[in-house]
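Okay, so here's the structure we're looking at.
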Amino acid sequence: MSISRKKALEDVLERTPRHAPRPENKISAYYGENVFNLTMMKQYLTDEACDSIEDAMENHTSISRDIADQVASAMKEWAITRGATHYTHWFQPLTGATAEKHDSFITPTSDGRVIEKFDGSLLVQQEPDASSFPNGGIRNTFEARGYTLWDPTSPAFVWENTLCIPTIFISYTGFALDNKMPMLKALASIDDSATAVCQYFDKNITKVVATLGWEQEYFLVDKALHAARPDLQMTGRALFGAAPAKGQQLDDHYFGSIPARATAFMKEFEMESHKLGIPVTTRHNEVAPNQFECAPVFEEANLANDHNLLLMEVMEQVARRHNFQLLLHEKPYPGLNGSGKHNNWSLGTNTGVNLLKPGNNPKTNLRFLTFFVNTLAALHKHADIVRAAIASVGNDHRLGANEAPPAIISAFIGSQLSDLLDALETSIKAGKLTPEDKTALKLEIGRIPEVMLDNTDRNRTSPFAFTGNKFELRAVGSTANCAVSMTVLNTIVSDQLKTFKRAVDQRIAGGDKKDDAILKELQKLIAQSKSIRFEGNGYSEDWVKEAKQRGLSNLRNTPEALNVLNRKEVQDLFESMGVLSKEELGARVEVDLENYILKRQIEYRVLLDMSRSTILPAAIRFQSGLLTNVEQLTAVLGKDASKFSVAQMDMIKSAGTVIQNLHMAAAKMEEVHDNAEGAKTAIIKARDYAEKVVPCMETVSSHCAELELMVDDAQWPLPKFAELLFTR
Ligand code: ADP
Ligand code: MG
């Protein structure tokens, strides 16, 4: 039995708020102190070892066994000074979260003591007992071995007395079993293709890295109130609840002053994050009450993603110290704003240039246009894969509802850049460019910096928005591992850049001048990808209709979206880009479908159980109280009782109606669920859950919410939304 609502509310009132520890020093004094970064390496390692690591980080060269031994030993020495007793290979299995198995450093000696030891073989490779991680049937039992392998491009760190070593996770046969490995491959691919295209503009560009700046949204709820809601505890979201009288309609929470208890929590997790080298810098309230956001300074995508995963863990731990439960779910409260994780993405070069930032002369602007237009073209061509990348059970509730982008993928670029692309589309004529054409084009392209200066108009309803010097993928869910969307975005843009390079080279071989060839090719792409550009209100019903006319997909739920990955052309794309083989991709679809089904199954069970064993009994008790009252009135007043029991009789009847409705709806849900469970394949089962079970669950939820509004508040067993949202 979960704790009662009354007890939970008393607990909250009795809390003494925890204050954030006051840092003794400025941030720069403790920033990164728990990270074995290059500065630390230089203190602990020989120059030769440092060079080897730096080379591995930059050029992905391999590290010799001897150097690995040196690094391991240095890491251990350093980690012990930071309080570490254990080490772990930290990896990202397909479940979406991170995983770790801790081992201590100790090795017994012959004279009964122990010494701390850690060598290169333990650093480089481990074999966790991983047979219970989802693998989509890739590993059959006789080769059920999975290995974690050190990723030297992301530095090791100490968290909670454990040295954590970021690793990839692969099977014995080399199959990727995690989210990091494919992302690293996609990043390598875009490095190749973007660098090749950069050669048209600047021979000094020899490396391109994808950058990622995530924005993490979340809710906080007092831990006692959380403990009194089994649905929040077991599914991460409230499965039902009546809308509070005051929700987010006043918009008074957004950017408002942050409640003191939340501020103390934020200060503490920011301090822990800074010690871990996570450059969090922004904190603010979000749209809904008790909803907040934090964002870091952007970093290279692999590191940024490790930092996001680590941050989610840190936040969860620190929240508990403050008697909060962190809710990362995409939609913790039906009817209110959901939580996303905007992925700000761009491409940076070894020469310090942001390729999505317009320059100040026609040459750099042509480079900007090249990457900008190719990104739009990639999104246009592969919108369905992007949709699949953001699909999750939680995001299904968020997309297209209460201030979240719809499931239709489109891009917002602002009116001025739209005008510019429109002008370019028509101003380049077929055949050779005349001198007049070129002057006109130079004028158009020369206008870009001006355009950018007042490109302040923002469209918050777009799932993919250009925001001046980066694209912002806003459709990602708050629990997601960004590696999934980053793998897709970088793969599709890389593919597009390769196609572009081939086409431009062909035009040059056919006699075009380089700039003419680039412009003509861009013009073609602008025309082809036009339908993906949408500047209007993405939340409106009109857009759903217009998108349909434009031929854009609207894949409304996860099973539909995941099915995209079974298409032959999608498998070919991932395979040809060297990111995922057909089998690896297929395994991911299987794991994701299974995950979807399991989560829906849990939600279904919790809802059925709460309806029958908590809500119906509470409503019936309430009704019994009314009936007793009517009986007593009759006993005392006789015939006259009917005059004084009109309200009671009305309440008895309306409660009676909803009680029957809930009972019937629960039975119907059970029947539909049982049918779904009998489905022959995972895809059919997942679809049945999405299309048949979920609507039944919504009916059940709505009856529960109706009863919440009828039953005596003093008798209602569960914390209400107003209490969950406004208790600070
Ligand atoms: P908003 O909420 O208005 O979208 P924020 O300032 O909260 O803006 O977030 C902007 C995010 O974009 C930050 O995480 C920032 O680091 C990131 N960002 C800025 N420039 C780049 C870039 N070149 N590449 C990737 N991310 C970037
Ligand atoms: Mg943003």
Side-chain angles (χ1 to χ4, degrees), residues 31 183 186-187 190-191 194 198 205 207-218 251 253-256 258 266 269-270 273-274 277-288 291-312 315 337-359 364 367-368 371-372 375 379 403-405 411-414 452 454-476 478 480 482-483 485-490 493 538:
Y31 188 84
M183 178 171 65
L187 293 172
I190 199 152
D191 177 6
C198 281
I205 298 179
K207 188 172 174 64
V208 173
V209 294
T211 49
L212 165 64
W214 39 264
E215 299 160 55
Q216 179 73 53
E217 293 179 337
Y218 60 95
D251 275 335
H253 189 252
Y254 193 52
F255 280 20
I258 304 174
M266 289 177 187
F269 91 69
E270 284 170 8
S273 304
H274 289 150
I278 308 172
V280 284
T281 141
T282 308
R283 59 167 102 117
H284 62 78
N285 286 347
E286 259 304 324
V287 177
Q291 190 190 22
F292 309 95
E293 176 185 303
C294 76
V297 178
F298 70 92
E299 299 173 290
E300 180 278 317
N302 177 39
L303 184 61
N305 186 48
D306 279 359
H307 279 162
N308 178 248
L309 292 168
L310 181 56
L311 174 105
M312 292 194 283
M315 284 172 82
N337 201 50
S339 296
K341 176 148 50 196
H342 299 177
N343 281 201
N344 293 274
W345 170 88
S346 189
L347 295 169
T349 68
N350 62 309
T351 56
V353 165
N354 174 354
L355 293 171
L356 287 172
K357 188 177 172 187
T364 48
R367 185 184 66 202
F368 159 74
F371 285 93
F372 179 71
T375 304
L379 188 76
E403 311 259 318
F412 166 85
I413 60 172
M452 298 317 299
D454 38 275
N455 185 35
T456 44
D457 54 341
R458 291 276 190 114
N459 182 330
R460 300 238 153 230
T461 68
S462 176
F464 193 71
F466 183 70
T467 47
N469 57 1
K470 61 192 185 294
F471 277 99
E472 182 172 346
L473 179 59
R474 301 205 184 105
V476 185
S478 46
C482 310
S485 42
M486 283 296 111
T487 300
V488 165
L489 190 55
N490 288 295
V493 176

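Heads up: numbering here begins at 1 and tracks the sequence. Order of listing sets the numbers, starting from 1, for every ligand and every atom in it. Here the structure is a predicted model, which means the values were calculated and not measured.
Counting all heavy atoms, side chain and backbone alike, Arg474 lies closest to Thr467 at NH2-CG2, 4.2 Å. Between Thr461 and Gly538, the shortest heavy-atom contact is OG1-N, 2.8 Å. The two atoms that bring Phe292 and Met266 nearest to each other are CD2-CE, 3.5 Å, heavy atoms only. Scanning all heavy atoms of the two residues, the minimum distance from Asn350 to Ile205 falls at OD1-CA, 3.4 Å.
Using modelled atom types, one finds no donor on one side chain facing an acceptor on the other under 3.5 Å when comparing Ser478 with Gln216.
Per-residue contacts place Glu472 under 4.0 angstrom from the following atoms of ligand 1 (heavy atoms of the residue considered): 4 (O). Interface of Asn354 with ligand 1, defined as ligand atoms under 4.0 Å from a residue heavy atom, comprises 23 (N). Of all atoms in ligand 1, numbered sequentially from 1 with element shown, those under 4.0 Å from a heavy atom of Val297 are 16 (O). When each atom of ligand 1 is checked for a heavy atom of Ser346 under 4.0 Å away, the hits are 22 (C), 23 (N), 24 (N).
For Thr282, the heavy-atom gap to ligand 1 stays at 4.0 angstrom or more.
Considering backbone and side-chain N/O of Asn344, one or more are found under 3.5 Å from N/O of ligand 1. Remark: ligand 1 and Thr211 share an N or O pair separated by less than 3.5 Å (distance only, no angle test). Considering backbone and side-chain atoms together, Pro296 places an N or O closer than 3.5 Å to an N or O of ligand 1. Some N or O of Glu215 is nearer than 3.5 Å to an N or O of ligand 1, by distance alone.
With a 4.0 Å heavy-atom cut-off, ligand 1 is reached by no atom of Lys357. The proximity of Glu293 to ligand 1, defined as any non-hydrogen pair under 4.0 Å, is limited to the side chain.
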Checklist entry - salt bridge (charged side-chain N to carboxylate O under 4.0 Å, His left out) between Glu270 and Arg283: does it pass, once the steps are laid out? => result CA-CA 9 Å; Glu270 284 170 8; Arg283 59 167 102 117; 2.7 Å; yes

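Between Phe412 and Pro463 the shortest side-chain heavy-atom distance does not fall below 4.5 Å.
Summarising the local packing, NZ of Lys207 is surrounded by more than 12 heavy atoms from other residues, nucleotides or ligands at distances under 6.0 Å.
Of the candidates Trp214, Phe471, Phe298, the one placing a heavy atom closest to atom 20 (N) of ligand 1 is Phe298.
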